[in-house]
Amino acid sequence: MLQIQFIREHTAEVIERLKKRNIDAETLINKALEIDDMRKKAQYDCDALLAESNQLSRTVGELMKAGNKAEAEAIRSRSAALKEDIKNLEEKVKQLEAELQQHLNQIPNTPYHMVPEGKGADDNLEIRKGGSIPSLPEHALPHWELAAKYNLIDFELGVKITGAGFPVYKGKMARLQRAMVNFLLDQNTKAGYTEYVPPLVVNEASGYGTGQLPDKEGQMYFIGEDNLYLIPTSEVPLTNFFRDEILKAEDLPIKLTAFTPCFRREAGSYGKDVRGLNRLHQFDKVEIVQIAHPDKSYQILEEMVAHVEGIIQLLGLPYRILRLCGGDMGFASAMTYDFEVYSAAQNKWLEVSSVSNFESFQANRMKLRFKEGNEKPRLAHTLNGSSLAFPRILAALMENNQSEQGILLPAILQQYAGFEYLN
RNA sequence: GGUGAGGUGGGUGAGUGGCUGAAACCAGCAGUUUGCUAAACUGCCGUACGGGAAACUGUACCGGGGGUUCGAAUCCCCCCCUCACCGCCA
């Protein structure tokens, strides 16, 4: 959520930045300011009445103590008469505050100046490419056929016990994933991230803090009985560690990493996009999160991108890095880089990581602040990225590295897995 | 799930109707003293939303919501959470 105070002080800039999202920013922002003006007016009136009431009450106390009962009675009834007006005004203030909040919840984050203009995925800006796309033989198989051929993944079994989008990994594939967890967490720990094992379900306040709630309820599995949500990414618990906290400036940046399964309902997905491992309801992911000083967050974003890139290079996969355009960015992000790896048998790029700077958008929702010496608390910046999401990495590895003997693992994963080929 | 105790500022912890936005101590900040370190002393030190050029000032907040009262951290009701013991259980 954007800060109303910031909107008020930088109206033109906010509108200009929001235009990249191809929305009617002017109307949205002016409406917010309009509601806020009414809110301020109502609060001012309300405060004045409350001040008067407080003053009268104090007088009553003094008169009572002095034994001047008659006068105390008179003032008491005057004070009582104020009550109705106060109640009405308080209600009005509350209502306007709620209205403002609701309106602000609809305004997405302001894109950073480096974010390219554009409407959709075709307008994303390719920053760089790496690795080389293998030329596969004629009979090369897509990963779901390789999975069947080598008995690595049982999609039907998942359907039987749960439903579509919940694959069962078997044998060497299961062991490979265990190896991936260790490999990825080791990489992150080496880069200074502290490892955590967070809860896989979160409460409503956490869902709101990182921006999944309200409006995106439909994306998360919800346990109604206990009012809890299955996490769609460990970004949610990790970032919410710091909800309602005031950190010390010298403690920044805070760097965290975690491996967790992720749960997504993916309502509305269909067709070849969901084939095999391309899109699942449950998948594993290692995440990195940073809580940063506002002056450093963009430098940190680049560092995170370089870190993820290094990991993909270790895996030897052909990749490209895209800077998302305004029309393709998530609601809460100010700038996002997507990493895609090329899956050579499907002939398509698969998104395996998304690294974003949310600036103070999430921090404002969760009141995540920091303090520098005796200065007033300021909102921190939050960033996160996948390093990495497993299924599409596996899909690309399988397709790109297929051979007569089976699927050859990259050297680094051989060390962790203890075998050379998936076969 | 049952019973009991409790939730106060960064921390510990006083406070049972007006003199309390909140004692005291610790931590933190600024200064004095000091050869250095340490110690001592003095002052400052919650958050949010308003008004004001500023000095300053209004209001709200003692887990959350509602109520009683001229007046609530303090009394009443509901909810949430924590702790202890019991029960159940990987």
Side-chain angles (χ1 to χ4, degrees), chain A residues 1-9 32-105 197 199-209 213 222-229 237 240-252 254 291 360 362-380:
Chain A
M1 189 169 69
L2 298 176
Q3 294 178 90
I4 185 66
Q5 217 173 331
F6 185 86
I7 294 177
R8 220 186 294 143
E9 285 163 15
L33 289 171
E34 192 186 309
I35 299 170
D36 191 47
D37 282 342
M38 291 195 286
R39 191 207 100 235
K40 279 183 358 185
K41 170 84 168 64
Q43 199 202 321
Y44 186 80
D45 294 346
C46 187
D47 283 357
L49 279 193
L50 282 168
E52 187 182 347
S53 167
N54 285 343
Q55 184 53 48
L56 289 176
S57 292
R58 243 170 273 141
T59 311
V60 171
E62 281 159 24
L63 288 173
M64 295 288 260
K65 210 187 290 174
N68 193 343
K69 277 226 163 144
E71 206 169 326
E73 277 305 324
I75 293 177
R76 183 192 284 188
S77 59
R78 255 173 68 198
S79 178
L82 275 178
K83 274 180 95 173
E84 190 66 18
D85 290 343
I86 290 176
K87 206 171 179 181
N88 287 339
L89 271 174
E90 275 179 338
E91 208 136 292
K92 190 171 168 193
V93 170
K94 257 190 201 173
Q95 195 189 319
L96 285 167
E97 276 173 352
E99 198 179 321
L100 179 63
Q101 170 88 13
Q102 203 178 12
H103 186 73
L104 288 176
N105 275 338
V197 181
L200 305 182
V201 291
V202 293
N203 56 29
E204 193 179 337
S206 296
Y208 179 79
L213 298 175
F222 177 57
I223 307 163
E225 180 114 30
D226 297 298
N227 230 305
L228 296 170
Y229 296 84
N240 274 285
F241 284 172
F242 305 97
R243 171 154 46 83
D244 292 320
E245 297 291 334
I246 300 178
L247 305 165
K248 288 191 197 127
E250 58 263 35
D251 292 336
L252 302 177
I254 294 173
I291 314 296
S360 59
Q362 292 181 329
N364 187 37
R365 288 175 153 233
M366 58 181 115
K367 300 294 165 245
L368 194 183
R369 291 165 293 176
F370 73 98
K371 204 170 177 168
E372 236 161 349
N374 269 350
E375 281 176 30
K376 283 193 69 168
R378 293 164 63 192
L379 294 174

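Residue numbers begin at 1 in each chain, while the letters A, B, ... track the order of the sequences.
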message = Would you say A/R369 places a side-chain N or O within less than 4.0 Å of OP1 or OP2 belonging to B/A48?
response = yes

key: Who pairs with B/A23 - Watson-Crick or G-U, where each distance is under 3.5 Å   = none

task = May I ask you to evaluate whether A/N54 reaches the phosphate of B/G71, defined as a side-chain N or O under 4.0 Å from OP1 or OP2?
result = no

request  = Please work out if A/K367 contacts a base, only the sugar-phosphate, or nothing of the nucleic acid, heavy-atom cut-off 4.0 Å.
outcome  = nothing

message = Any side-chain to backbone donor/acceptor pair from A/N364 onto A/M1? Under 3.5 Å, distance only.
response = yes

ask   = Paired with B/U34: which nucleotide, if any, by Watson-Crick or G-U wobble criteria at under 3.5 Å for both distances?
value = none

inquiry  = Using a 4.0 Å heavy-atom cut-off, does A/K41 contact any base of the nucleic acid, only the sugar-phosphate backbone, or nothing at all?
reply    = nothing

task = For nucleotides B/A14 and B/G21, find the distance between their C1' atoms and express it as a whole number of Å.
result = 15 Å

note = Between A/K40 and A/I246, whichever has its closest RNA chain B nucleotide further toward 5' is A/I246

key: Distance below 4.0 Å between A/K94 side-chain N/O and B/G66 OP1 or OP2   = yes

message = We want to know whether A/R365 and A/Q362 form a side-chain donor-acceptor pair, criterion being a heavy-atom distance below 3.5 angstrom.
response = no

task = Provide the distance between the two C1' atoms, one in B/C70 and one in B/C77, to the nearest whole Å.
result = 23 Å

task = Determine the contact category for A/R8: base if any of its heavy atoms lies under 4.0 Å from a base atom, sugar-phosphate if only primed atoms, P, OP1 or OP2 are that close, otherwise nothing.
result = sugar-phosphate

note = Pairing partner of B/C81, by Watson-Crick or G-U wobble and under 3.5 Å for both distances, is B/G6

request  = Name the nucleic acid region contacted by A/S79, choosing base, sugar-phosphate or nothing; use a 4.0 angstrom heavy-atom cut-off, strictly under.
outcome  = sugar-phosphate

remark   = The Watson-Crick or G-U wobble partner of B/U47, with both key distances under 3.5 Å, is B/A60

query = Is a donor on one side and an acceptor on the other found under 3.5 Å between the side chain of A/S57 and the backbone of A/S53?
reply = yes

task = May I ask you to say what A/L56 touches in the nucleic acid, namely base, sugar-phosphate or nothing, with a heavy-atom cut-off under 4.0 Å?
result = nothing

request  = For A/K371 and B/A48, give me the distance from atom NZ to atom P, rounded to whole Å.
outcome  = 9 Å

query = Given side chains that start at C-beta, do those of A/L247 and A/I254 come closer than 4.5 Å, heavy atoms only?
reply = yes

query = For B/C70, which nucleotide is its Watson-Crick or G-U wobble mate, given both distances must be under 3.5 Å?
reply = B/G18

inquiry  = Looking at B/C80, I'd like to know if its phosphate oxygens (OP1 or OP2) sit under 4.0 Å from a side-chain N or O belonging to A/N227.
reply    = no

inquiry  = Is any side-chain heavy atom of A/F222 closer than 4.5 Å to one of A/N227?
reply    = yes

message = Nearest whole Å is fine: how far is B/U59 C1' from A/L89 CG?
response = 13 Å

ask   = Out of B/U59, B/G51, B/G71, which nucleotide sits closest to the side chain of A/A51?
value = B/U59

query = If we call it a pair only when both distances are under 3.5 Å in a Watson-Crick or G-U wobble match, what pairs with B/C89?
reply = none

ask   = Looking for any heavy atom pair under 4.0 Å, which part of the strands does A/R39 touch: base, sugar-phosphate only, or nothing?
value = sugar-phosphate

message = Rounded to whole Å, please give me the gap between CG in A/D244 and P in B/G9.
response = 13 Å

ask   = Looking at A/K41 and A/D45, does any basic side-chain N land under 4.0 Å from a carboxylate oxygen?
value = yes

